[in-house]
Amino acid sequence: MSVDLLLGLQWGDEGKGKIVDVLTSKYDIIARFQGGPNAGHTLVFNGRKHVLHTIPSGIFHEDKINLVGNGVVIDPVIFKNELDKLKEVDVDYKKSMLISRKAHLILPTHRIIDAASEKAKGKKKIGSTLKGIGPTYMDKTGRNGIRVGDLESKNWLIKYRNLANKHQKMVNFYDVDIEYNLEELEKEFFSAIEVLKSLNFTDSEEYIFNAQRNSKSILAEGAQGSLLDIDFGTYPYVTSSNTTAAGACTGLGVAPNAIKKVYGIFKAYTTRVGSGPFPTELFDNDGETMGRVGKEFGATTGRSRRCGWLDLVALKYACQINGVTELMMMKADVLSGFKTIKVCTSYMYKGNEIEHFPYDIQNENVEPIYKEFRGWDEDLTKKESFEILPNTLKEYISFIEKELNIPISIVSVGPDREQTIFV
Ligand code: GDP
Ligand code: IMO
Ligand code: MG
C-alpha cells in the first residue's frame, strides 16, 4: 500500500498536529520523518490541549503505530518529558511507539553549541529554537553523530565522551559567554537515555517496507514548513533538514514512487517565528489582530509569531516542490471580522513584477502586490459544513484553489479536533 504525506507549506505552525490527529483514524502507521524537538505540534480534543515535539501526532489513538523515523533527531531529555506527559493521560506508548535505530541523538553539548553559535551571530541570528537541531544535523552529515542504535553497543559511551569533548572545544572557539553546567546536563541526559532504551528500537526502513507489503496504510508527518527547508527555504534563515516531500523519502526510507497523496497544509494567513524575510508581514493593527485572535505564540518556545497576509507566490512555490495533491486551509476563523482580506499574488522584485519565488527575498528587494477580498463577520467556530460558510469566505477559498490549481479538502475553523470541515 502507498504512503501519504502531510507537510507544512509555510514557515511552520500551520496546524499539522491537529490535522494528523484528525486523519489518524484512516491510517495504520503515523511516521515522523525529520526535525526534532524544534517542532511543537498542538492537538486539542475533549477540552484538553496536548503539545508534541518529537512524538508523532497519532499517539492518542489506540491501535496505531507511531514511528520516529531515521531522519528525526531526538533529544532524550525532551523525549522523556513528552513520555511523562503521555503517562499522565494514560497513553500506552510502549506498545504503540517505534524508534528508528538510525535516528540521531541530540547531546547536551549540541544545545550548547546552538546557543553559542546564535550568540556569536548577534543581530544576524537565525532565531533558532536552541534545541541543538543545527549542530546535531551537522554531526550527522559530518559523519560524527551518535545514533539510537549505538545505545545497544557497550562502547557508545567512549564515542559520546570523545564527541562531547570536541564540542566543548568548539564552544570555546565561538568566544562568547555561555553559562552551562555540563555535569548537571549529563546527569539528566543519561537518566533519560535509560528511559529511551526501554522503548522499541527498530530498523525502521525495513519495518516501513514490510508494512507497505502487508497493505498497511502510512501517513508521514512533516515538521516545520517548506519555507524552512534547508535547500528550498529562505536560507540561511531555515532549519537544518529537508522539510519538503523528498525529506520523507530519506527520513523514512520510502521510495518516491510509493508516495500517493501529498496533503499540503497552510494557514488562511501567514506566520513566521524567528528571524528571516517575510514579504507579507504586517506591523499594523491587522497583524496585531491576527496574532491576538489566532493566539500566535510558539508551541515550543512561547515566542510571539510574526503575522501577515497569505502569500500565494510562496504557497505556489511550496506546492510545486512538494507535488501537493490536496490542500488544507487552517485558522479561517481567525480572519472573521476583517473588512478586507488581502492576498499577495505577485512580487515587485528589483523593479519587475514576478510571480515566482526568487533566490533572494530580502524584504528590501520585494514589495508584495495584493488582491483584495471582502471579509466576513460571522463566527466560524461552530460551523459544521462547507455549505453554510459565508459566501465571501467561499470566494476566498475558490480563488486560492484556482490560483494553485489544487483542491482544498479541509477548512479548519478552530483548534479542536471537531472544528474541522471536510469539503
Ligand atoms: P503545527 O506545528 O503545524 O502542528 O502547529 P502548532 O500547533 O505549532 O500551531 C498551530 C496553533 O493553531 C495551535 O495552537 C493549534 O491549536 C491552533 N489551531 C489549529 N487549527 C486551528 C484553527 O483552525 N483555528 C484556530 N483558531 N486555531 C487553530
Ligand atoms: P513546527 O513543526 C515554526 C524555526 C525557528 C528558527 C528556524 C531554525 O512546530 O511547525 P532550529 O531550531 O530548527 O534551528 O530553528 O526555524 N522553526 C520553526 N518555526 N515551527 C516549527 O516547527 C519550527 N521549527 C523551527 O524559529 O527560525
Ligand atoms: Mg508548531
Side-chain angles (χ1 to χ4, degrees), residues 6-22 32 34-45 48-54 56-57 72-73 75 106 110-111 113-115 117-118 121 125-138 221-230 233-241 243 265-269 271-278 290-306 328-336 379-381 383 410-421:
L6 183 134
L7 307 155
L9 299 178
Q10 295 161 318
W11 279 288
D13 302 328
E14 296 87 353
K16 299 174 290 292
K18 166 178 169 164
I19 295 298
V20 170
D21 172 58
V22 166
R32 267 279 300 269
Q34 46 68 236
N38 48 350
H41 294 181
T42 314
L43 289 70
V44 180
F45 54 88
R48 200 164 166 165
K49 175 171 141 175
H50 308 267
V51 180
L52 297 166
H53 300 287
T54 326
S57 300
V72 176
V73 289
D75 183 329
I106 302 177
H110 282 132
R111 273 186 276 144
I113 295 175
D114 210 357
S117 158
E118 281 285 83
K121 283 193 158 95
K125 71 174 183 186
I126 308 294
S128 160
T129 60
L130 302 180
K131 301 296 176 197
I133 304 295
T136 306
Y137 279 116
M138 274 163 69
E221 172 181 3
Q224 289 81 54
S226 302
L227 305 177
L228 289 170
D229 183 277
I230 182 72
T234 46
Y235 192 89
Y237 299 99
V238 293
T239 190
S240 300
S241 63
T243 59
I265 168 166
F266 69 101
K267 278 179 187 161
Y269 49 100
T271 66
R272 168 162 212 174
V273 59
S275 327
F278 178 178
M290 287 171 192
R292 180 170 37 78
V293 178
K295 299 199 176 69
E296 294 295 355
F297 296 97
T300 296
T301 59
R303 292 177 294 176
S304 299
R305 296 177 183 145
R306 302 152 61 191
M328 292 161 177
M329 186 170 98
M330 309 301 289
K331 300 190 104 162
D333 55 301
V334 176
L335 293 185
S336 290
D379 174 15
L380 304 181
T381 57
K383 303 271 186 213
I410 283 181
V411 178
S412 175
V413 291
D416 197 280
R417 213 186 242 177
E418 304 294 326
Q419 292 169 303
T420 309
I421 297 176

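Scope of the values below: all heavy atoms of this structure, side chains included, with no hydrogens, waters or symmetry mates. Counting starts at 1 for both ligands and their atoms, following the listed order. In what follows, residues are counted from 1 in the order of the sequence shown. The structure displayed is predicted, hence computed values, not measured ones.
Contact between G35 and ligand 2 is absent, with no heavy atom of the residue lying under 4.0 Å from the ligand. The closest approach between any non-hydrogen atom of G12 and ligand 1 is not below 4.0 Å. Heavy atoms of R272 come nearer than 4.0 angstrom to ligand 2 in no pair at all. At least one heavy atom of K18 sits under 4.0 Å from some atom of ligand 1. Residue R303 places a heavy atom under 4.0 Å from ligand 2. In this structure, R305 has a heavy atom closer than 4.0 Å to ligand 1. At least one heavy atom of G127 sits less than 4.0 Å from an atom of ligand 2. Not a single heavy atom of D114 sits less than 4.0 Å from an atom of ligand 2.
Among protein heavy atoms, atom 8 (C) of ligand 2 sits closest to V238 O, 3.4 Å. Scanning all protein heavy atoms for the shortest distance to atom 20 (N) of ligand 2 gives D13 OD1, 3.1 Å. K331 CE, 3.3 Å is the protein heavy atom nearest to atom 27 (N) of ligand 1. Nearest protein neighbour of atom 10 (C) of ligand 1, counting heavy atoms only, is D13 O, 3.6 Å. Considering only non-hydrogen protein atoms, atom 4 (C) of ligand 2 sits nearest to L228 CD1, 3.9 Å. Closest to atom 13 (O) of ligand 2 among all protein heavy atoms lies T239 OG1, 2.6 Å. In terms of protein heavy-atom proximity, atom 19 (N) of ligand 2 is closest to V273 CG1, 3.4 Å. Considering only non-hydrogen protein atoms, atom 14 (O) of ligand 2 sits nearest to S128 OG, 3.3 Å. Distance from atom 4 (O) of ligand 1 to its nearest protein heavy atom, with residue and atom name: G17 N, 2.9 Å.
The contact set between ligand 1 and P415, taken as ligand atoms under 4.0 Å from a residue heavy atom, comprises 16 (O), 18 (N), 21 (C), 22 (C), 24 (N), 25 (C), 26 (N), 27 (N), 28 (C). Short contacts between ligand 2 and K16, defined as distances under 4.0 Å to a heavy atom of the residue, involve ligand atoms 1 (P), 2 (O), 10 (O). For ligand 2, the atoms lying closer than 4.0 Å to a non-hydrogen atom of W11 are 3 (C), 19 (N). Applying the 4.0 Å criterion to heavy atoms of A223 picks out, from ligand 2, the atoms 2 (O). If you number the atoms of ligand 1 from 1 as listed, the ones under 4.0 Å from a heavy atom of H41 come out as 1 (P), 2 (O), 4 (O), 7 (O). Shown in contact with V334 at under 4.0 Å from a heavy atom are these atoms of ligand 1, numbered in order with element: 26 (N). Ligand 2 places these atoms under 4.0 Å from at least one heavy atom of A39: 1 (P), 2 (O), 9 (O), 22 (O).
For the pair K331 (side chain) and V413 (backbone), a donor-acceptor distance under 3.5 Å is absent. With hydrogens and angles disregarded, a donor-acceptor distance shorter than 3.5 Å links the side chain of Q34 to the backbone of A223. No donor-acceptor pair under 3.5 Å is formed between the side chain of S240 and the backbone N or O of I133. T136 places a side-chain N or O within donor-acceptor distance of the main-chain N or O of G132, the cut-off being under 3.5 Å. Judged by distance alone, the side chain of Q10 and the main-chain N or O of K267 form a donor-acceptor pair under 3.5 Å. The backbone N or O of K125 sits less than 3.5 Å from a side-chain atom of S275, completing a donor-acceptor pair.
An N or O contact shorter than 3.5 Å is missing between M330 and ligand 1 by distance. Between T129 and ligand 2, an N or O atom pair is found at a separation short of 3.5 Å. Inclusion of K131 in the set of residues having an N or O under 3.5 Å from an N or O of ligand 2 is not warranted. Looking at H41 next to ligand 2, an N or O pair under 3.5 Å apart turns up. The distance criterion of under 3.5 Å between nitrogen or oxygen atoms is met by G40 with respect to ligand 2.
Counting heavy atoms from C-beta outward, T42 and P415 have side chains that stay 4.5 Å or more apart. A 4.5 Å side-chain heavy-atom check between Q419 and D333 finds every atom pair outside the cut-off. Contact check for I410 versus I19: side-chain heavy atoms found under the 4.5 Å cut-off. Between F266 and M329 there is a side-chain heavy-atom pair separated by less than 4.5 Å. Between S336 and L380, the closest side-chain pair of non-hydrogen atoms falls below 4.5 Å. A heavy-atom distance below 4.5 Å is found between the side chains of T54 and V72. Side-chain contact between L6 and M328 is present, with heavy atoms from C-beta onward closer than 4.5 Å. In this structure, the side chains of E296 and M290 stay at 4.5 Å or more apart for every pair of heavy atoms.
Among L228, D75, T129, D114, the single residue meeting the side-chain contact (heavy atoms from CB on, under 4.5 Å) criterion with N38 is T129. Of the options R272, Q224, R306, a side-chain contact (heavy atoms from CB on, under 4.5 Å) to W11 is made by R272 and by none of the others.
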**Request:** Tell me, with the steps shown, if H110 and M138 meet side chain to side chain contact (heavy atoms under 4.5 Å, CB included).
**Result:** CA-CA 10 Å; H110 282 132; M138 274 163 69; over 6 Å; no
**Asked** Can you list the steps and then say if R32 with S57 is a side chain to side chain donor-acceptor pair (under 3.5 Å)?
**Response** CA-CA 9 Å; R32 267 279 300 269; S57 300; over 6 Å; no
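Relative to atom 6 (P) of ligand 1, the option among G298, S412, G40, A299 with the closest non-hydrogen atom is G40. Taking only non-hydrogen atoms, the option from V413, D333, T42 nearest to atom 13 (C) of ligand 1 is T42. Of the options Q224, R32, H53, R305, the smallest heavy-atom separation from atom 24 (N) of ligand 2 is shown by Q224.
Counting only protein atoms, the N, O or S atoms lying less than 2.8 Å from the Mg ion (ligand 3) are D13 OD1, G40 O, ordered by chain and residue number.
Residue pairs meeting the salt bridge (charged side-chain N to carboxylate O under 4.0 Å, His left out) criterion with at least one member in residues 6-20, sequence neighbours excluded, are D13-R305, E14-K16.
Under the salt bridge (charged side-chain N to carboxylate O under 4.0 Å, His left out) criterion, R417 pairs with D21, not counting sequence neighbours. Listed by chain and number, the residues in a side chain to side chain contact (heavy atoms under 4.5 Å, CB included) with T300 are H53, K131 (sequence neighbours excluded).
The distance from the OG atom of S128 to the CZ atom of R111 is 12.0 Å, given to the nearest 0.5 Å.
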